[in-house]
2 protein chains.
Amino acid sequence: MRILLIEDERELAEALSAALGKHGIVTDHTVHLVDAVELTRQNLYDAILLDRRLPDGEGLSFIPELRRTGKDTPIIVLTARNEPKERIEGLDLGADDYLGKPFLVEELMARLRAVLRRSPELAELKITAGRMVIDPLHLSVTVDAVPLDLPRRELLVLAALARRKEQTVLRSTLEAAVYNYEEEIQSNALDAHISRLRKRLIDVGAGVAIHNIRGVGYLMKEE
Amino acid sequence: MRILLIEDERELAEALSAALGKHGIVTDHTVHLVDAVELTRQNLYDAILLDRRLPDGEGLSFIPELRRTGKDTPIIVLTARNEPKERIEGLDLGADDYLGKPFLVEELMARLRAVLRRSPELAELKITAGRMVIDPLHLSVTVDAVPLDLPRRELLVLAALARRKEQTVLRSTLEAAVYNYEEEIQSNALDAHISRLRKRLIDVGAGVAIHNIRGVGYLMKEE
DNA sequence: CCACAAGGGTTGCGGCAGCATTGCGGAGCT
DNA sequence: AGCTCCGCAATGCTGCCGCAACCCTTGTGG
């Protein structure tokens with residue numbers, strides 16, 4: 001799960017990013033609308049959080065701009081401009097939800113879940129693979145209905161692979177699923193996660209195997 | 001147990017919220033119908049307490065509105081408009097109970113219990129875990145039929161975990177089960193409750209253990 | 001069939017973030 | 001006044017995870 005946060009208050013952005021991280025959500029953050037356009041071109045986000053007052057313009061203008069490129073990524077507007085009239089304006093421009101500042105992270109999470117639930121692309125509310133059922137929104141994995149507790153990063157790798165089981169997943173796709181731009185890695189951390197994950201999957205008899213496609217990425221197969 | 005109170009007399013609302021709190025019920029309070037609609041969209045309440053005269057309209061109009069969204073959350077109307085004709089009106093619109101002001105909190109509690117007893121979703125009238133039996137409506141826990149008295153917040157944590165035993169419960173879910181929107185916590189209060197609860201559970205041999213899932217939440221397992 | 005290179009697998013280590021524990025003090029109840 | 005509850009913060013501890021060293025596998029060229 002990866003989202004884009006467009007917000008100019010750095011403190012709020014950092015707090016949000018940390019809080020969302022605890023829910024297994026990887027957040028990219030930008031302050032400027034221009035960068036946001038660029039980022040959405042290069043990445044497929046699951047949702048976008050959008051402020052209105054931004055240094056280079058009204059955030060709402062981003063919505064039609066994004067839609068014009070054919071993307072219907074869910075957008076939640078986060079703003080202090082919270083008059084009923086302003087809310088209507090935002091929603092009519094194509095925002096999926098509108099949340100006034102200040103807000104509780106828990107409410108934002110709930111709204112995110114609601115918005116994603118409605119999003120047809122992400123019918124991934126429950127991913128099944130082998131004997132596993134993965135619930136990425138609630139950060140849980142079960143094997144034959146027995147809960148399995150995994151470290152957060154391993155869980156993210158697992159979910160990213162299981163979501164595309166029987167397909168090769170690019171190395172870079174996996175990295176994008178687990179790390180944001182600020183969390184650069186300069187080692188084989190991903191390989192290490194895969195390694196430990198494999199061991200665990202064998203231990204519990206998960207009914208899946210992770211294969212390597214040399215020079216390309218990884219592939220999860222059911223047994 | 002979490003309920004929504006829609007009521008415009010602030011004093012009454014605060015008193016009620018406090019009184020219900022003593023019965024282990026977490027109360028979200030709002031004055032406006034618009035907010036109520038929003039809140040029910042984002043939260044799953046166990047019941048709703050509804051006033052009739054509200055600043056933005058007749059409270060009763062909320063009932064069909066809620067039902068239309070597919071929720072059959074029990075609703076108790078609390079109002080000074082207590083003529084027989086008015087009561088019939090309320091109940092026919094889909095309210096589960098109708099209580100005239102002024103009333104005794106004890107009566108409200110009893111009616112709440114009655115209404116919840118009928119509610120099929122909450123087959124959680126008795127939660128069993130290990131050697132414990134928890135009755136969240138009467139705020140009691142027994143271990144091998146011996147009553148155990150726990151501080152209120154610890155009990156709420158316990159019930160929230162026991163209700164989802166063998167499953168990972170997100171930290172945020174636990175917080176939502178114990179605190180309402182106004183009671184923000186900025187410390188490790190939850191951890192402290194868990195810690196003290198664990199000690200007690202061991203002392204009495206409750207037959208359950210609370211495990212931590214690092215970065216995610218907690219998990220109750222039976223032994 | 002061997003040499004070599006490059007990519008991947010595995011594993012121990014260490015830093016540090018997140019968790020556990022506990023004493024303190026304020027608030028509320030009796 | 002004395003009690004318990006509970007939020008808070010200080011302290012110590014645990015285990016995740018990035019890192020890098022080393023080994024194994026695969027592919028290519030001679």
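What you are looking at is a predicted structure, and each value in this text was computed from that prediction instead of being measured. Chain A is the first sequence line, chain B the second, and so forth, proteins listed ahead of strands; every chain is numbered from 1.
- Atom CG in Leu190(A) sits about 12 Å away from atom C1' in dG9(C), given to the nearest Å.
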Is there a salt bridge (charged side-chain N to carboxylate O under 4.0 Å, His left out) between Asp149(A) and Arg214(B)? Walk through the geometry before answering. CA-CA 9 Å; Asp149(A) 63 313; Arg214(B) 185 164 267 248; over 6 Å; no
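- Nucleotide dG28(C) holds its P atom 13 Å from the CZ atom of Arg153(B), rounded to whole Å.
- To the nearest angstrom, C1' of dT10(C) lies 13 Å from CD1 of Ile194(A).
- If you find the closest nucleotide of DNA chain D to Asp149(B) and to Asn188(B), the one lying nearer the 5' end belongs to Asp149(B).
- Taking 4.0 Å as the cut-off between side-chain N and carboxylate O, Asp8(A) and Arg53(A) do not count as a salt-bridged pair.
- For Arg152(B) and Ala189(A), each mapped to the nucleotide of DNA chain D holding its nearest heavy atom, the one lying further toward the 5' end belongs to Arg152(B).
- The interatomic distance linking Arg171(A) (CZ) with dA6(C) (P) rounds to 16 Å, in whole Å.
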Arg131(A) and Asp144(A): salt bridge (charged side-chain N to carboxylate O under 4.0 Å, His left out), yes or no, with the steps? CA-CA 6 Å; Arg131(A) 319 165 87 152; Asp144(A) 293 335; 3.2 Å; yes
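- The nearest pair of heavy atoms linking Arg163(A) to Met1(A) is NH1-N, 4.4 Å.
- Two residues are said to be in side-chain contact when any heavy atoms from C-beta on lie closer than 4.5 Å; Ile48(A) and Thr40(A) meet this criterion.
- Here the range on DNA chain D touched by chain B, meaning any atom under 4.0 Å from one of its heavy atoms, is dC5(D) to dC16(D).
- Against DNA chain D, the stretch residues 197-223 of chain A makes heavy-atom approaches under 4.0 Å through Arg214(A).
- Of the side-chain N and O atoms in Ser195(A), none sit less than 4.0 angstrom from OP1 or OP2 of dG9(C).
- Across all non-hydrogen atoms, the minimal contact from Glu166(B) to Glu222(B) is OE2-N, 3.0 Å.
- When each of Leu112(B), Leu5(B), Val26(B) is checked for a side-chain contact (heavy atoms from CB on, under 4.5 Å) with Leu20(B), only Leu112(B) meets the rule.
- When all heavy atoms are compared, the tightest approach of Leu190(B) to Leu174(B) is CD2-CB, 4.0 Å.
- In summary, the side chains of Tyr98(A) and Arg52(A) do present a donor paired with an acceptor at a separation below 3.5 Å, with no hydrogens or angles considered.
- Counting any heavy atom pair closer than 4.0 Å across all strands shown, Arg196(A) reaches a base atom.
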